[in-house]
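Worksheet: one structure, shown below.
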Amino acid sequence: MFAEVIVDVAAKQTDKTFEYKIPSELKNVAVGSRVVVPFGRRKVQGFVVDIHAEANYQGELKELSLVLDDQIPLIPELVKLSEVLARKLFTYRISILQAMLPSMLKAGYKKNIVPLTDSARALPIFNGKVIDAATVRSNADILLINKLLATKAAKIDYVVKNKASHKKDVIYSISNSKKDYLEILANLRTNAFKQKILLNDIIENYESYPKRQQELANLGIKSDVLRNAVNNNWLQKQEVDVYRDPTAADMIHASKVVQLNAEQQAALDQINQQIVRKNAKTFLLEGITGSGKTEVYLHAIAECLKNNKSALMLVPEIALTPQMVNQVKSRFGKDVAVLHSALSEGEKYDEWCRIRNQETHVVVGARSAIFAPLTNIGLIIIDEEHEASYKQDNTPRYHARDVAILRSEYNHCPLVLGSATPSLYSRARAQKGVYQLLRLNNRANNKELPKVQIIDLKKAMFAGTQFDISVDMLNVIKKTIAKKEQVILLLNRRGFSNFMLCRECGYVLQCPNCDISLNYHKDINQMKCHYCGYEINKPYVCPKCHSKHIIFLGSGTQKIQEELINMIPNVRILRMDIDTTRKKGSYQKILSAFGQGQADILLGTQMIAKGLDFPNVTLVCVVNADIGLAVSNYNASEKTFDLLTQVAGRAGRADKEGLVLIQTYNPDHYAIKLASVQDYEQFYQSEMRYRYIGNYPPFYFTTLVSIVSHNEPLAAKQAFLVKRLLTKKLSQATIVLGPTPSAIGKINNQYFYQILVKYKKEPYLAETLSYIQNYAQDIAKNDINVYIDQEPENIM
DNA sequence: AGCACGCCGACT
DNA sequence: GTCGGCGTGCTC
Ligand SMILES: [Zn+2]
Ligand SMILES: [Zn+2]
């Protein structure tokens, strides 16, 4: 038998299958197996994507070296999907396969240098042992090793390291009868206290064996006693795999099923019908904040399980809170797996294994969970489908929604896209009938909508010395805190955080590799580049003029925090932005501290718009609703509307009236006006008009072509050639914009030139783009790369 | 991506 | 004569 293998070498030239002979001693080789194969001089990891009886390749065939897992990691659906996605996204198939699997299944590579002769072994560098090639650093050593290799006194061993391992627990089981143990106990020496404890436990808790080593240790039985017990055949020692379960300790109470209202029930009926009929239909569930979308999801999942099918639910990373997870687990218990970036690598791998071994049938997770190895899927849900985080912002640049559609087609199951503020893309598709629109117009528990007040900053008086918080806003904040109620304060700004400025010469500390300033990271006391990862120690004098008068400009939230502390005596503030949430789990920590009333104000960037509902929050303040609008991105209005609608939903509960204050310089802008009355449908109408006039999505599809080189003139020249090619090959109606140099000049010493293609129908686009990628490879050989991003999030 | 091979200039 | 720099080509 012969296997077609995709090798773990991400390059254009190796982006194809390589054929290998399957040696008869390798059992369990199947489509989807993770294997080690010889590849040229070295060994690499690979994935079997096809198996056939006859050899296709004309030349000499090598054999597969090794199969790496007991359970075949890739299900056939994903093997097939990887091919489709690689083609659609213009990336290497191996990159897609890696993205589909937990990072634990990524190979590590090592080169060992093995001495072959006695004289070589005797050299101090070997000291009789094999050494790692990476440890050979000095010129003298490199020279020596090269000599040895040339004279065959040493050789290089290429090793593929498999990280995947299960946590092992040691358990002790019993094989004698209770009577036997009583006899053993009777014959023990009088001073064998620990052995007596052990035997008494065996006799008293006979049924609860086998026991884990830890449990026995808790009784005071140490390993020496256990070793003795094993030697005497009282106990048998075994190693078993256990799953690292981060939530094992949490007691989750079964919750009772909530009765749906008529509107929810009607939506559910539509979804259930398609689950039963096994129809790959896409629904857009448009439900205002508080309309109970989650309940509909949970009911649909229950229907799915009832039909012996599994269900996949995606939630934005930031909304994947313990509360959210518990809500699902309380309904479906152990049948739920959670794939979450806050888990450790091992925990992620174990959750993934539980899914792969079909031990759970409900998967909840963020973007990458769309590749969960679930079989027999009966329903896919994407909650808050408008969230930009569903699009991965590095290669492979897939959108979870697009992948979901492919998986729903493969599994013949419905897909539910849910949102209070659907993306215009999805809403427009629902309009055209491509998706079926389901609407929830009522708040499920009849909560009042909060009152929204817009503060016109053109006329407002500012409190304090900074021009950010108006007197009106400050007064309401003070009043709310005085009533012992809580406030959420949102700064609508991407985290421009701490950079170094010299007060003497005005120098801003920049990354040497990128045209962008370095950020100060308090936790590691270093300056770091967000684009290339470059790091240096925090300077104490200006690197340019050596003046000591350097300052580290705080983030916007930090400034406001300081101001509020000045203006409101004894105020307690929790700040939440990229600076305070960099550490794992800190995001949750801040939220729960605020929930427990440890602060009066939760101050933060966009990330506070999601997550928990705080019953004691009666005031939500948006400091600046305009920053989002000012960004010259075609979807700035949509993003602002989404954000405002979402935060407005945070204020007020059934018993206390909520108030939302929005400060803006554009009080008449439709995004702000309509968000204040939570009128999504009207916003949709207005925004569609704007998009139509501007030739923007969803009236056009977009593709961003980036031409990248270390050599700026080369990048520019090639970009113009690409543009000419595109204009020539694509149809008249298609708009080709650019090339323009990217906003940040260079990133990691590479220059980016971008071309935007807008099209309605372009049958030759894929062909043309792949032609361009090949052409770039041929013409400029080394230093030109062409990256393609379908439906980019940020365009001009 | 690595890794080797080969060609050429520079240096014992 | 040999070391090492880089351009070129291949990996089943
Ligand atoms: Zn200076
Ligand atoms: Zn950088």
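Below, chains carry the letters A, B, ... as their sequence lines are ordered, and counting in each starts from 1.
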Item to check | OH (A/Y109) with more than 12 external heavy atoms under 6.0 Å | outcome: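 Enclosed: over 12 neighbouring heavy atoms sit under 6.0 Å from OH of A/Y109.
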Next on the checklist: Regarding A/I94, tell me which of base, sugar-phosphate or nothing describes its non-hydrogen contacts under 4.0 Å with the strands shown.
Outcome noted: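 The answer is nothing, as A/I94 stays clear of every strand by at least 4.0 Å.
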Next on the checklist: Under 4.0 Å, heavy atoms only, any strand: does A/A11 hit a base, just the sugar-phosphate, or nothing?
Outcome noted: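 The answer is base, as A/A11 lies within the cut-off (heavy atoms under 4.0 Å) of a base atom.
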Between [options], which nucleotide gets closest to the side-chain atoms of [X]?
{"X": "A/Y158", "options": "C/dC12, B/dC3, B/dA1", "answer": "B/dC3"}
{"X": "A/K16", "options": "C/dC12, B/dA1, B/dC5", "answer": "C/dC12"}
{"X": "A/R41", "options": "B/dC5, C/dC12, C/dT11", "answer": "B/dC5"}

Checklist entry - With a 3.5 Å cut-off and no angle check, do the side chains of A/Q510 and A/S517 form a donor-acceptor pair? => result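 The answer is no; no qualifying pair exists.
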Next on the checklist: With heavy-atom distances below 4.5 Å as the criterion, would you say the side chains of A/Y20 and A/P38 are in contact?
Outcome noted: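 Touching, per the 4.5 Å side-chain cut-off.
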From [atom1] of [X] over to [atom2] of [N], roughly how many Å is that when rounded to an integer?
{"X": "A/L64", "N": "C/dC12", "atom1": "CG", "atom2": "P", "answer": "12 Å"}
{"X": "A/F18", "N": "B/dA1", "atom1": "CZ", "atom2": "P", "answer": "14 Å"}
{"X": "A/I156", "N": "B/dG2", "atom1": "CD1", "atom2": "P", "answer": "14 Å"}
{"X": "A/N146", "N": "B/dC5", "atom1": "CG", "atom2": "P", "answer": "13 Å"}
{"X": "A/D8", "N": "B/dC3", "atom1": "CG", "atom2": "C1'", "answer": "16 Å"}
{"X": "A/N139", "N": "C/dC3", "atom1": "CG", "atom2": "C1'", "answer": "13 Å"}
{"X": "A/K111", "N": "B/dA1", "atom1": "NZ", "atom2": "P", "answer": "16 Å"}
{"X": "A/I6", "N": "C/dC12", "atom1": "CD1", "atom2": "P", "answer": "14 Å"}

Item to check | Between CD on residue A/E347 and OH on residue A/Y243, distance to nearest 0.5 Å | outcome: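 If I round to the nearest 0.5 Å, the distance is 14.5 Å.
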Next on the checklist: Using only atom types and a distance under 3.5 Å, with no angle test, would you say the side chain of A/N774 pairs donor to acceptor with the backbone of A/S770?
Outcome noted: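 Judged by distance alone, yes, a pair lies under 3.5 Å.
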Checklist entry - Less than 3.5 Å between a donor and an acceptor, one on the side chain of A/Q13 and one on the base of C/dC10, is that the case here? => result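 Side chain to base: pair found, below 3.5 Å.
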Checklist entry - Does a distance-only test, which skips hydrogens and angles, find a donor-acceptor pair under 3.5 Å between the side chain of A/R42 and the base of B/dA4? => result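 A donor-acceptor contact between them is absent.
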Item to check | Aromatic stack A/Y57/C/dC12: centroid gap under 5.5 Å, interplanar angle under 30° | outcome: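 Taking the rule of under 5.5 Å and under 30°, the ring of A/Y57 does stack on C/dC12.
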